[in-house]
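Here the structure comes first, spelled out in C-alpha cells, and everything after it is commentary.
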Amino acid sequence: MEKEQPKYYENVYDVVRLIPSGKFTTYGSIADFLTLGSARMVGWALNQALHLGDVPAHRVVNRKGELSGRMHFSTPTLMQELLEAEGVQVVDHRIVDFDEHYWSPTSLLD
DNA sequence: ACCGTGACGTGTC
DNA sequence: TGACACGCCACGG
C-alpha cells in the first residue's frame with residue numbers, strides 16, 4: 001500500500017496551484033501562510049510535487065528571488081524557461097522585478 | 001534511535 | 001552590503 005502523505009503537503013500543492021500565471025511566491029510566504037514553522041518543508045513538498053506533474057513548482061522561489069530549485073527540474077534551465085515563457089524576466093537565475101511579479105498567498109483571504 | 005543533509009529565513013558581524 | 005552562524009523540521013542511511 002502506498003504511504004499516505006502528510007496533510008500539509010496537499011496544502012502546499014493547493015496554494016502553489018493557485019499562483020496566477022506570470023506571478024510567483026516564496027517558500028517563506030507559503031510556510032507562514034500555512035504556519036508550517038519552517039520554509040524547508042515547502043521545499044521538500046515541492047520536490048515531491050515535481051513528481052506529481054500537476055503543480056507549477058517553478059513559480060516558487062526563495063526570498064531573494066533566486067531559482068534555487070532549478071537543479072531539481074528535468075533540466076537546470078527548465079525553471080527559468082518556464083518563468084520567462086510566462087512573462088517573468090530572469091537574469092543570472094534571479095527574478096529581475098521581484099515586487100512587480102510577486103504574489104502573496106494572503107491574496108486568497110480577500 | 002542517532003546523525004547528516006536539504007528547492008529556507010532571520011539575526012549578527 | 002555581503003558573508004557567516006544558527007534555528008527550523010522532515011527524511012534517508
Side-chain angles (χ1 to χ4, degrees):
Chain A
M1 300 315 255
E2 294 111 48
K3 195 161 57 174
E4 211 172 297
Q5 293 167 359
K7 185 177 95 176
Y8 55 84
Y9 270 48
E10 290 297 327
N11 291 335
V12 173
Y13 300 155
D14 190 48
V15 173
V16 175
R17 276 187 273 241
L18 291 172
I19 303 174
S21 179
K23 296 275 188 174
F24 70 91
T25 189
T26 65
Y27 304 99
S29 298
I30 297 175
D32 183 62
F33 181 74
L34 299 177
T35 59
L36 296 180
S38 189
R40 290 186 178 275
M41 289 160 187
V42 181
W44 282 111
L46 264 284
N47 200 338
Q48 301 300 317
L50 271 181
H51 193 69
L52 299 179
D54 65 328
V55 179
H58 61 277
R59 294 177 189 159
V60 185
V61 299
N62 63 7
R63 83 135 189 119
K64 294 181 257 185
E66 296 177 322
L67 280 51
S68 47
R70 64 195 146 99
M71 50 180 77
H72 291 268
F73 283 77
S74 306
T75 63
T77 56
L78 180 60
M79 189 173 183
Q80 180 173 340
E81 292 294 316
L82 290 172
L83 288 171
E84 289 182 331
E86 295 179 354
V88 180
Q89 189 177 4
V90 177
V91 175
D92 191 33
H93 310 297
R94 274 175 237 184
I95 294 175
V96 180
D97 297 317
F98 190 94
D99 292 327
E100 184 67 28
H101 296 283
Y102 178 68
W103 177 89
S104 177
T106 55
S107 302
L108 301 174
L109 301 178
D110 289 336

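Throughout, a chain's letter reflects where its sequence line sits, starting with A, and its residues are numbered from 1.
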Discussion item. Among B:dG6, B:dA7, C:dC9, which nucleotide has an atom closest to any side-chain atom of A:Ala57?
Written reply: B:dA7
Item to complete: Hydrophobic side-chain clustering at under 4.5 Å (ILVMFWY, transitive links): who's grouped with A:Val96? Put none if nobody.
Response: A:Val91
Discussion item. Nearest whole Å is fine: how far is B:dA7 C1' from A:Met79 CE?
Written reply: 7 Å
Practice prompt. Mind calculating the distance between CH2 (A:Trp44) and C1' (B:dA7) to the nearest angstrom?
Written response: 9 Å
Worksheet item: Listed by chain and number, what are the salt bridge (charged side-chain N to carboxylate O under 4.0 Å, His left out) partners of A:Asp97, not counting sequence neighbours?
Response: none
Side-chain donor-acceptor pairs under 3.5 Å in residues 66-74 of chain A, sequence neighbours left out?
residue: A:Glu66; atom: OE1; partner: A:Asn62; partner atom: ND2; Å: 3.3
residue: A:Glu66; atom: OE2; partner: A:Arg94; partner atom: NE; Å: 3.3
residue: A:Arg70; atom: NE; partner: A:Leu67; partner atom: O; Å: 3.2

Worksheet item: Atom NE2 of A:His72 and atom P of B:dA7: how far apart are they, to the nearest Å?
Response: 3 Å
Item to complete: Return the value, rounded to whole Å, for the distance between atom CG of A:Leu36 and atom P of C:dC11.
Response: 12 Å
Fill in: Whole angstrom value for the distance that separates P of B:dA7 from CG of A:Leu67
14 Å
Worksheet entry | With A:Ser104 via side-chain hydrogen bond (donor to acceptor under 3.5 Å, both in side chains) - residues at least two apart | A:Thr106
Worksheet, complete the sentence: Residue set satisfying ring-ring contact (aromatic ring centres under 6.0 Å, His included) with A:Phe24, at least two apart, ordered chain then number -> A:Phe98
Discussion item. Would a single hydrophobic cluster contain both A:Tyr102 and A:Val42, if residues Ile, Leu, Val, Met, Phe, Trp and Tyr are joined by side-chain heavy-atom contacts under 4.5 Å?
Written reply: no
Review item, nucleotides 9-13 of chain B N/O atoms under 3.5 Å of protein N/O:
residue: B:dG9; atom: OP1; partner: A:Gly28; partner atom: N; Å: 3.2
residue: B:dG9; atom: OP1; partner: A:Arg63; partner atom: N; Å: 3.2
residue: B:dG9; atom: OP2; partner: A:Arg63; partner atom: N; Å: 2.8

Item to complete: Let me know the distance between CG of A:Asp32 and P of C:dC8, rounded to the nearest Å.
Response: 16 Å
Discussion item. How many whole angstroms separate atom CD1 of A:Ile30 from atom P of B:dA7?
Written reply: 16 Å
Discussion item. In this structure, how many angstroms lie between the C1' atom of C:dA3 and the CD atom of A:Glu66, rounded?
Written reply: 14 Å
Worksheet item: When all nucleic acid strands are considered with a 4.0 Å heavy-atom cut-off, which category describes A:Leu50: base, sugar-phosphate, or nothing?
Response: base
